[in-house]
Enquirer: 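The structure is given below, and queries will be raised subsequently.
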Amino acid sequence: MKQKVIITVAPVGSVPTKKDNPNTPITPEEIAKDVFECYELGASVAHLHARDKDGKPTTDKQIYGKIKSLIEEKCNIIVQLSTGSRTGNHFERGECIDLKPEMASLSTGSSNFSNRINENPPELIEFLAKKMYENGVVPEIEAFDISMVDNARYYLKKGILKAPLNFNLVFNVPGSMSGTPKNLLHMVEILPEKSTFSVTVIGRMQTDLITMAIILGGNIRVGLEDNLYYSYHDKKLGTNAMFVERAARIIRELGREVARPDEAREILQLGYR
Ligand code: ZN
């Protein structure tokens with residue numbers, strides 16, 4: 001029996017607005033409502049960003065805490081908070097780790113976004129990793145490029161990261177690695193032994209490459225952080241629930257099963273480190 005497939009939902013991110021897609025959840029209440037709906041449809045991990053009252057990305061611990069507790073009141077989905085470079089400046093990006101979510105994102109290198117640097121200098125990577133392990137938080141390694149996988153291996157060797165690693169391979173962020181089958185295959189082939197991986201694809205190649213990720217034995221991420229359109233030929237806007245529903249359907253059509261949160265905890269070996 002092949003391993004079950006974990007669906008991560010990324011409901012909001014730092015970029016989309018209601019103007020881009022009116023279904024984008026912005027307030028803690030809206031985000032928690034979407035996450036619960038997606039949990040019921042098969043999502044086992046919620047990758048979360050916070051927005052302030054003006055809808056701008058924020059590292060405000062209180063807002064992160066509100067989102068986290070609203071979700072935890074309703075279900076046992078794995079909460080993963082973002083420490084991404086768009087959320088705020090340097091060390092303040094680690095403040096959400098104080099909330100002790102089960103997981104937090106951690107980029108192991110710098111790259112470009114379309115309009116700025118995705119800035120993750122060595123001292124910040126080391127600071128965030130250390131703080132995560134001290135708080136029992138498992139990092140998800142966000143790799144926007146091949147070098148970030150290599151760098152994660154270097155941090156493993158140095159003892160700054162602890163095996164097994166859970167990667168999120170991110171494709172088609174403008175300015176970073178493009179989403180092609182060859183690139184995905186290569187990224188999977190160079191992962192350190194015993195790593196798990198999830199695949200995130202921005203925009204129209206999402207459905208193609210998450211299908212390939214499932215076939216390769218990986219997990220997948222969907223949601224409005226990554227993709228505003230359910231289909232591109234007719235510019236049909238999506239909702240988080242629609243993306244998760246489609247992801248679950250693809251998993252089942254390929255003869256696989258969707259992992260529930262406790263199964264995902266086992267697959268990702270949370271609590272093992
Ligand atoms: Zn994110």
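Atom set for the values below is all heavy atoms of this structure, side chains included, hydrogens, waters and symmetry mates excluded. Start at 1 and go down the list; that is how both ligands and their atoms are numbered. In this text the structure is predicted, and so the values were computed from the model without any measurement. Throughout, residue positions are numbered sequentially from 1 according to the sequence presented.
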Enquirer: Output the atom name for the N/O/S atom of E225 with the smallest distance to the Zn ion (ligand 1).
Expert: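 Relative to the Zn ion (ligand 1), the closest nitrogen, oxygen or sulfur of E225 carries the name OE2.
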
Enquirer: Does any N, O or S atom in E142 come within less than 2.8 Å of the Zn ion (ligand 1)?
Expert: no

Enquirer: Quick check: closest heavy atoms across I125 and S107, and the distance to 0.1 Å?
Expert: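 Scanning both residues, the minimum pair turns out to be CG1-O, 3.5 Å.
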
Enquirer: To check you understand the geometry: which heavy-atom pair defines the closest contact between R221 and A10, and what is its length?
Expert: NE-CB, 3.5 Å

Enquirer: Does NZ or CZ of K162 fall inside the cone over Y133's six-membered ring, less than 6.0 Å from its centre and within 45° of the axis?
Expert: yes

Enquirer: Looking from the Zn ion (ligand 1), what is the angle between NE2 on H49 and NE2 on H47, to the nearest 10°?
Expert: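 For NE2 of H49 and NE2 of H47, the angle centred on the Zn ion (ligand 1) reads 100°.
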
Enquirer: Consider side chain to side chain donor-acceptor pair (under 3.5 Å). Of T200, T211, N227, N172, which one does Q206 pass it with?
Expert: N227

